[in-house]
Novice: 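Structure in structure tokens, see below.
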Amino acid sequence: MTLPCQFPQQRPYNVGQVVNIKAKVNRAFNSSMEVGIQVASEDLCSEKQWSVCKALATFVAYRELSKVKLKQTTPRTEEEKTEHSVAAERRRMRLLYADTIKDLLANCAIQDDLESRDCSCMVPAEKTRVESVELVLPPHANHQGNTFGGQIMAWMENVATIAASRLCRAHPTLKAIEMFHFRGPSQVGDRLVLKAIVNNAFKHSMEVGVCVEAYRQEAETHRRHINSAFMTFVVLGADEQPRTLPWIRPQPGDGERRYREASARKKIRLDRKYIVSCKQAEMPLSVPWDPSNQVYLSYNNVSSLKMLVAKDNWVLSSEVNQVRLYTLEEDKFLSFHMEMSVHVDTTQAFLLLSDLLRRPEWDKHYRS
Ligand code: ADP
């Protein structure tokens with residue numbers, strides 16, 4: 001089972017050029033593992049080489065329907081060590097994705113956003129809706145009769161590209177695929193219904209959502225939801241720079257919900273750029289704090305702290321005036337944990353803790 005969680009396309013390649021694909025397990029967790037894939041291209045005449053795209057896929061290992069406990073990988077080079085630790089950060093963000101979206105939605109006002117725009121240059125989202133049906137034939141499937149994931153992705157990209165071109169009336173370029181979930185298999189003989197619509201258009205990019213359902217018999221009313229993905233497109237001008245796109249007017253109900261969710265996904269994607277990037281010299285490993293991401297960041301920090309605190313080998317080293325100091329020694333790391341009970345409103349505590357600049361307000365001992 002694969003879940004590519006990120007797929008930013010950097011530069012395309014053309015007929016006659018060589019494609020080099022490298023894949024490696026970055027980290028094994030319990031039964032899931034993160035695989036990093038890098039696609040590079042090479043022009044044999046000019047000997048130029050360039051990166052085409054990168055993807056991160058999560059695989060889950062199963063043997064006879066039960067999950068397999070994986071052996072841990074040992075990173076050796078500096079690059080492998082960074083990937084190994086960043087993979088855990090990415091996994092945490094993926095597992096928290098639904099909560100993060102919920103938090104971001106609670107803080108975003110769609111109405112102001114839409115009302116402040118000029119209606120005459122808005123495209124109704126309905127105009128971009130696309131639906132198509134594909135019959136899974138033997139060449140589309142592997143030896144077990146299951147449809148190749150890549151084939152489904154190609155069909156999904158087709159419908160998404162048509163939806164995107166209905167907004168921009170030009171040839172759009174795929175930039176990234178988000179949260180591509182393989183929810184269940186489909187087999188030879190299944191019909192796949194692919195549905196796409198532009199969820200939101202930003203200044204220079206748009207998000208198209210695609211959903212895939214499978215059914216076997218024409219008369220069958222039950223459709224299995226097998227895939228969903230969110231694709232980001234841009235329209236490049238003659239100067240290779242992204243062109244400004246028209247705004248979209250979502251349908252009330254599901255359309256407005258998807259419009260807001262697309263904005264939240266864009267925000268996460270931008271914040272995540274810091275984390276998925278391993279160029280530590282250029283970017284910090286964690287997301288810099290700013291008022292718009294405090295809720296989301298706090299989740300990340302709190303979940304790391306919860307994991308650390310939950311370890312059972314903390315040792316109480318000292319206790320003075322009801323302040324307890326615990327230590328934990330693991331590998332090369334020594335962690336400290338100070339514990340003191342306070343009685344304060346949770347909202348107040350959350351606000352204080354989510355901004356480290358306010359630490360002197362709650363930690364009397366901070367400066368000393
Ligand atoms: P959600 O509706 O929560 O976004 P779904 O998995 O149902 O999640 O759908 C994924 C995406 O597929 C949607 O965001 C939307 O862009 C697109 N989609 C879903 N249903 C339709 C439909 N009936 N017609 C066109 N596009 C659709």
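We number each residue from 1, following the sequence as shown. When a ligand or atom number is given, it counts from 1 through the structure's own listing order.
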Novice: Taking the basic N atoms (NZ, or NE/NH1/NH2) and the acidic carboxylate oxygens, is any pair closer than 4.0 Å for E256 and R260?
Specialist: no
Novice: Could you check atom 13 (C) of ligand 1 against the protein and tell me its nearest heavy-atom contact, residue, atom and distance included?
Specialist: R258 NE, 3.4 Å
Novice: Do you reckon V198 sits in the same ILVMFWY cluster as I177, going by side-chain contacts under 4.5 Å, direct or chained?
Specialist: yes
Novice: Which of the atoms in ligand 1, numbered in the order shown and given with their element, are less than 4.0 Å from a heavy-atom of N199?
Specialist: 14 (O), 15 (C), 16 (O)
Novice: Return the closest protein heavy atom for atom 27 (C) of ligand 1 as residue, atom name and distance.
Specialist: K195 CB, 3.8 Å
Novice: Just verifying a value: how many Å separate L70 CG and S32 OG, rounded to the nearest 0.5 Å?
Specialist: 7.5 Å
Novice: Return yes or no for this condition: an N or O of G209 is under 3.5 Å from an N or O of ligand 1.
Specialist: yes
Novice: Which ligand 1 atoms does S228 reach within 4.0 Å, using its non-hydrogen atoms?
Specialist: 5 (P), 6 (O), 9 (O), 10 (C)
Novice: Run the numbers for me: atoms of ligand 1, each under 4.0 Å from some heavy atom of C211, listed by number.
Specialist: 9 (O), 10 (C), 12 (O), 19 (C)
Novice: If we set the cut-off at 4.0 Å for heavy atoms, which region of H225 has an atom near ligand 1: side chain, backbone, both, or neither?
Specialist: side chain
Novice: Find all atoms of ligand 1 within a distance of less than 4.0 Å from any non-hydrogen atom belonging to F230, and give their numbers and elements.
Specialist: 4 (O), 14 (O)
Novice: Only one of R27, R90, R91 passes salt bridge (charged side-chain N to carboxylate O under 4.0 Å, His left out) with E34; say which it is.
Specialist: R90
Novice: Short list, please: which atoms of ligand 1 are under 4.0 Å from a heavy atom of I197?
Specialist: 15 (C), 16 (O), 25 (C), 26 (N)
Novice: Closer than 4.0 Å to some heavy atom of A196 - which atoms of ligand 1 meet that?
Specialist: 25 (C), 26 (N)
Novice: Nearest protein heavy atom to atom 3 (O) of ligand 1, by residue and atom, and its distance?
Specialist: R257 NH1, 2.8 Å
Novice: Determine yes or no for a side-chain-to-main-chain donor-acceptor pair under 3.5 angstrom, with N227 supplying the side chain and H181 the backbone.
Specialist: yes
Novice: Specify side chain, backbone, both or neither for V208, according to which of its non-hydrogen atoms lie closer than 4.0 Å to ligand 1.
Specialist: neither
Novice: Can you report which non-hydrogen protein atom sits closest to atom 24 (N) of ligand 1, along with the distance?
Specialist: R129 NH1, 2.4 Å
Novice: So V235 and P242, do their side chains get closer than 4.5 Å, heavy atoms only?
Specialist: no
Novice: Given that the side chain starts at C-beta and the backbone is N, CA, C, O, which of these parts of A229 lies under 4.0 Å from ligand 1, counting heavy atoms, or is it both or neither?
Specialist: neither
Novice: Against ligand 1, does D254 come closer than 4.0 Å with any heavy atom?
Specialist: no
Novice: Of R224, R183, K195, which meets salt bridge (charged side-chain N to carboxylate O under 4.0 Å, His left out) against E213?
Specialist: K195
Novice: As a test of the contact definition, would atom 8 (O) of ligand 1 count as having a protein heavy-atom neighbour under 4.0 Å?
Specialist: no
Novice: Show your reasoning for whether salt bridge (Lys or Arg N to Asp or Glu O under 4.0 Å) applies to E207 and R265.
Specialist: CA-CA 9 Å; E207 183 198 277; R265 276 188 290 270; 2.8 Å; yes
Novice: Contact between K266 and S205 at the side-chain level, heavy atoms closer than 4.5 Å - yes or no?
Specialist: yes
Novice: With side chain to side chain donor-acceptor pair (under 3.5 Å) as the test, pick out the partner of T327 among S317, S335, S318.
Specialist: S317
